[in-house]
Protein chains: 2
Amino acid sequence: MGIEEYSAKILNFLRKFRRMPSYSEIMKLTGFKSKNAIYRLVNKMIEADLVEKDSAGRLIPNKLSGMVRILGTVEAGIPLSAEQEKAETINIDEYLIRNYESSFILKVKGDSMVEAGILPGDMVLVERGKLPHNGDIVVAEVDHEWTMKFFKKKDGKVLLVPGNKKYKPIVPRHELNIAAVVRAVIRKY
Amino acid sequence: MGIEEYSAKILNFLRKFRRMPSYSEIMKLTGFKSKNAIYRLVNKMIEADLVEKDSAGRLIPNKLSGMVRILGTVEAGIPLSAEQEKAETINIDEYLIRNYESSFILKVKGDSMVEAGILPGDMVLVERGKLPHNGDIVVAEVDHEWTMKFFKKKDGKVLLVPGNKKYKPIVPRHELNIAAVVRAVIRKY
DNA sequence: AATAATAGTAAACGAACGTTCACTTGGCAA
DNA sequence: TTGCCAAGTGAACGTTCGTTTACTATTATT
């Protein structure tokens, strides 16, 4: 087994148990029978930049684990690998989510928001318990039906405007339950 | 200081150092002067579901740290909180990214892909070193200029088609450098 | 075949871990 | 004021940690 496979097992452990394994646990993961073997294996992994050790000497995941590099804009293009290393990094979850307790993901089925760049099949990240501002995209229950629309206020009246000229704005008749505000759109190809 | 503030400090430590702090380190974070105080504090946090301990008795982040719940579709609506607890969860990074080493984020400036649901200001997650398939969205350098377009092959010739009728398809004259394939679109409101 | 270098096992080390016990302090109720 | 409970300190405990040392087995080189 190669060093990459071992580090993959370690990172699998991290994902599964939400912490890095101890040397004894890496023994079980890899099949080695001595801690010394792990000690040297880990040193090789550090040299290969597969994992890291912090100032206290504890094993931690690589800086790139869970972080993606930001390279600028499309128009500026993609620089050479040398400059990529210095690039700023972000964690997508942290970038998108303020409060995990109140955040949820919904899948989009209809085409009522295509003109706002939300296509059928997209995932929307919504947040509950927030008051919608004018122009926000909201997930709402209107007269026993769920939709995603622009939230508009005009003359004190609430209007739900679709992002598609095919459909007409909705004026809630009986009930209006703004369940969540759309915070982000995620589309995977 | 309340228990939530303490747990916030602990999760800040986790984000910063990529591991959970030891009890001694929590002492420094919180200002307590004895490990016993931490021991009881941690037990309270576990009762309050702010952190967890695994089977080996080690402190690990809560299950929801880094995970978002999936609630179904927009049309099906948002269920009551009781059902939310049982919801499936995903980690957005893991969902979107296959290989961190070859993945990058670019910001979109132009409007050449609006009809494909990619608006100016959106972030695109791109992957380097992959061969584009017909219909993929790619970031390419054509005749010394960078653009994002649909990658189309017709009769053995490569065509770069914009997702906006305002613009015309590009037939590369001298150079064509497909730098990356767009894997995902991320839009934050 | 002899040698050196590499990679593994096994055992022992001090240090740090989380836990427990005994004691002290501070605030509230009787 | 007295007594009680909750909350914090401090020290000691056994366990596990990562590291080191010593030795053995395997592989490659001369």
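Every chain is numbered from 1, with letters handed out A, B, ... down the list of sequences. Keep in mind that the numbers below use all heavy atoms, side chains included, and drop hydrogens, waters and symmetry copies.
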C:dA7 phosphate, OP1 or OP2, under 4.0 Å from A:K44 side-chain N/O: yes
A:V161 side chain reached by A:K149 side chain, heavy atoms, under 4.5 Å: no
Gap between atoms CZ and C1', on B:F32 and D:dT9 respectively (whole Å): 11 Å
Comparing B:A37 and A:N43 on DNA chain D - which has the more 5′ nearest nucleotide: B:A37
Spacing between B:I38 atom CD1 and D:dA7 atom P, to the nearest angstrom: 14 Å
Distance in angstrom units between A:K33 NZ and C:dA10 P, rounded: 7 Å
Ion pair B:K188/B:D122, N-O distance below 4.0 Å: no
Atom-pair distance (CD1 on B:I3; P on D:dA7), nearest Å: 11 Å
Length of the line joining B:I46:CD1 and C:dG18:C1', which is rounded to integer Å: 11 Å
Residues touching DNA chain C, which here means a heavy atom under 4.0 Å, drawn from residues 7-31 of chain B: B:S22, B:Y23, B:S24
Check: D:dG10 base within 3.5 Å donor-acceptor of B:N36 side chain: yes
Residues B:E52 and A:R19 bridged, charged N to O under 4.0 Å: no
Short N-O contact, A:R173 and A:D143, less than 4.0 angstrom: no
A:K152 to A:F150 six-membered ring, cation-pi geometry met (6.0 Å, 45°): yes
Phosphate-side-chain proximity, A:K53 and D:dT19, N/O vs OP1/OP2 below 4.0 Å: yes
Spacing of B:R40 atom CZ relative to D:dG8 atom P, expressed in whole Å: 8 Å
Aromatic ring proximity, centroids under 6.0 angstrom, B:Y23 and B:F32: no
Sugar-phosphate only, base, or nothing, as touched by B:R58 at under 4.0 Å among non-hydrogen atoms: sugar-phosphate
Under the side-chain hydrogen bond (donor to acceptor under 3.5 Å, both in side chains) test, residues paired with A:Y39 that sit two or more places apart: none
Spacing of B:L41 atom CG relative to D:dA6 atom P, expressed in whole Å: 17 Å
B:Y39, nearest nucleotide to its side chain (from D:dA7, C:dT20, D:dT19): C:dT20
Nearest-Å distance for atom pair NZ/P, residues B:K35 and D:dG10: 14 Å
Strand DNA chain C as a dot-bracket string - pairs counted if Watson-Crick or G-U with both distances under 3.5 Å, | where the partner lies in another strand: ||||||||||||||||||||||||||||||
Validation row: A:V138, A:V182 side chains within 4.5 angstrom (heavy atoms): no
A:R15 atom CZ: more than 12 heavy-atom contacts under 6.0 Å: yes
